[in-house]
Amino acid sequence: MNTFFLCISLGLCFLMFVSFYRCLMGPTILDRLIGVNAIGTKTVVLLLLIGFLYERVDMFVDIALAYGFLNFVAVIAASRYFHKRKGLYEGSFKETKEIS
Amino acid sequence: MAQSPPNICDSVQSEEHKKKFSFVSFFLTFILMFFTWVVLSGNFSTLLISLGVISSLLVAWFFHDLLFPDVTSRYPGLFFGFIAYIPWLIWEIVKANFHLMFLIFHPRMKELIDPHITVFQTNLTSDLSITILANSITLTPGTITVTATADGLFSVHAIDRRSADDLPGTMLSKVADIYGEK
Amino acid sequence: MNLFVVICLCIGFLFLLGGTVGIIRMPDFYTRLHPAGKLDTLGLFAMVSGLAVYNLHHFSFGALLLSVKMMLIVFFVFHSIPTATHAIVDAGMRAGLSPLTRKKPSQLQGTGEK
């Protein structure tokens, strides 16, 4: 069972790297925010899996819960902050008007 | 379309509600907080339990009007209605998630999707039911609530026609049934 | 018992994979929010509930509390991800990002008020 958990964790790490592409290359800042949110969701599961691998679930459950809270607060704060930035994306969104 | 959404926290805590003290909402908040404390700590020594009682009392004293603003006799029915609503919602989420998975892995995805914004008017009035409906719409794939006003005016971003067509339909009637607003 | 856990984890992983591929493949910002917000929610629900069942393998009161705590994570995520998605889409609306639409007049008939 531990091997299976390890495989799933490695797959999750791979998915996090794929989401990180959106963080780096996102055309707008909000795209990067979506990438960060997706990585945070995967990290919650990954922390639980690490807890099972190290057999210290009682500790890692708390860490996962706190990480979930922090991720939520970070996304809310960042999106509230970018409310005020009107016209920040002028150049970036005009090209995505029509479906290619 | 870019109208400012209502600030939900403001409308819950109007000035009239702040003054009066209701013991039932205080007690419910205390029970909820203490249950959370027990689950999160998982330790049953006398010191920790008494600390939990003290902090739950403090939190319940300060925020008793936040979670349960006005407790009426229909709260139990509302609670069980919400419990009965959850399995239907989860089944709906699963069904619609498979549709979204099909869209994502389809090789010609850009011809299948048809993003657009739909506006519809509902007759919900209470804050809680509007919040629940908005979150349910967001969780059902293919649709995201963009704005929801206090009058029940929703604007929804849908990813294709099929998920937008059955939008207000059954979900609205289920939520309205729970809250008896129809 | 173990089979159930393996199936849960695989389904959850499949959903998370779908969400990630959707984030990469979707053409614009608003459509990217759909897979990000929702496939992740269901994937996390499936994976964490599978782990909570696996945790009850050696049954004791502490293990039960741990499983309840994991379901608390699920409950919290079910509230927080729609709220975060709504906050992001609201920020996009206020910043003036216009959503991508298919410009065909024959298909735009049903967009009116319902």
Side-chain angles (χ1 to χ4, degrees), chain A residues 1 4-5 7-8 11-12 14-16 18-19 21-22 26-31 33-35 37-38 40-42 44-45 48-49 51-52 57-58 61-62 64-65 68-69 71-90 92-94 96-100, chain C residues 2 5-6 9-10 12-13 16-17 19-24 27-29 32-33 35-37 39-41 43-44 47-48 51-52 54-55 57 62-63 65-67 69-70 72-73 76-77 79-81 83-103:
Chain A
M1 207 63 187
F4 179 70
F5 281 164
C7 291
I8 291 280
L12 278 180
F14 171 69
L15 286 189
M16 282 159 71
V18 177
S19 312
Y21 168 80
R22 189 48 74 193
T28 68
I29 289 181
L30 293 170
D31 282 315
L33 208 56
I34 294 174
N37 196 9
T41 312
K42 291 173 185 63
V44 172
V45 184
L48 284 179
L49 282 170
F52 276 104
V57 196
D58 48 347
V61 150
D62 292 339
L65 193 59
F69 272 98
N71 184 34
F72 172 59
V73 171
V75 169
I76 289 285
S79 58
R80 286 282 140 183
Y81 175 69
F82 290 119
H83 266 183
K84 307 279 161 54
R85 300 299 165 105
K86 247 189 176 42
L88 188 65
Y89 318 95
E90 286 297 340
S92 52
F93 72 83
K94 275 186 181 145
T96 61
K97 274 286 209 186
E98 301 262 347
I99 289 183
S100 56
Chain C
N2 272 349
V5 176
V6 168
L9 282 181
C10 285
F13 185 75
L16 287 182
L17 178 73
T20 314
V21 173
I23 293 176
I24 297 297
D28 95 312
F29 161 67
R32 258 171 225 145
L33 269 170
L39 289 179
D40 278 8
T41 314
L44 189 133
M47 290 188 90
V48 175
L51 286 178
Y54 178 74
N55 189 39
H57 220 216
L65 267 184
L66 271 185
S67 292
K69 215 185 270 187
M70 285 184 197
L72 203 65
I73 294 180
F76 172 68
V77 161
H79 280 271
S80 79
I81 287 192
T83 316
T85 309
H86 178 68
I88 296 175
V89 88
D90 195 28
M93 272 290 164
R94 289 193 188 196
L97 278 166
S98 51
L100 166 93
T101 47
R102 192 183 284 274
K103 298 270 195 309

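Proteins come first, then strands; the chains are lettered A, B, ... in the order of their sequence lines, and each starts at number 1.
- Side-chain atoms of C:Leu44 and A:Val44, non-hydrogen and from C-beta on, do get closer than 4.5 Å to each other.
- Of all heavy-atom pairs between C:Cys10 and A:Phe4, the closest is SG-CZ, 3.9 Å.
- The shortest side-chain heavy-atom distance between A:Met1 and C:Val6 falls under the 4.5 Å cut-off.
- We find the CG-CG distance between C:Leu17 and A:Leu15 to be 5.5 Å, quoted to the nearest 0.5 Å.
- In this structure, chain A has no heavy atom under 4.5 Å from any part of C:Thr41.
- The side-chain heavy atoms of C:Met47 and A:Leu48, taken from C-beta on, include no pair separated by under 4.5 Å.
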- request: Run the numbers on C:Asn55 and A:Phe52 for side chain to side chain contact (heavy atoms under 4.5 Å, CB included), then give the verdict.
  value: CA-CA 9 Å; C:Asn55 189 39; A:Phe52 276 104; 3.9 Å; yes
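- Nearest heavy atoms, A:Ser79 versus C:Ala91: O-CB, 3.5 Å.
- Only the side chain of A:Val75 comes within contact range of chain C, with at least one heavy atom under 4.5 Å from a heavy atom of that chain.
- Heavy atoms only, all atoms of each residue included: C:Phe13 and A:Gly11 are closest at CE1-C, 3.5 Å.
- Atoms CG and CD1, on C:Leu9 and A:Ile8 in that order, are 5.5 Å from each other to the nearest 0.5 Å.
- Rounding to the nearest 0.5 angstrom, the gap separating the CG atom in C:Leu16 from the OG atom in A:Ser19 is 9.0 Å.
- When C:Ile23, C:Val21, C:Leu51 are compared by the number of non-hydrogen pairs under 4.5 Å with chain A, C:Leu51 comes out ahead.
- To the nearest 0.5 Å, atoms CG (A:Asp62) and NZ (C:Lys69) are separated by 4.0 Å.
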- prompt: Can you list the steps and then say if C:Tyr54 with A:Phe5 is a ring-ring contact (aromatic ring centres under 6.0 Å, His included)?
  reply: CA-CA 11 Å; C:Tyr54 178 74; A:Phe5 281 164; 5.2 Å; yes
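- Of the residues A:Ile76, A:Asp31, A:Leu30, the one that meets the side chain to side chain contact (heavy atoms under 4.5 Å, CB included) test with C:Ile88 is A:Leu30.
- A:Lys42 and C:Asp40 are joined by a salt bridge, as a carboxylate oxygen and a charged side-chain nitrogen come within less than 4.0 angstrom of each other.
- At a 4.5 Å heavy-atom cutoff, the contact between C:Ile81 and chain A is made by side-chain atoms alone.
- Ranked by heavy-atom pairs under 4.5 Å with chain A, the first of C:Thr83, C:Thr85, C:Ile24, C:Leu33 is C:Ile24.
- Between C:Phe76 and A:Phe69, the two ring planes are parallel [angle under 30°; tilted spans 30° to 60°].
- A 6.0 Å sphere centred on CZ of A:Phe14 holds no more than 12 heavy atoms belonging to other residues, nucleotides or ligands.
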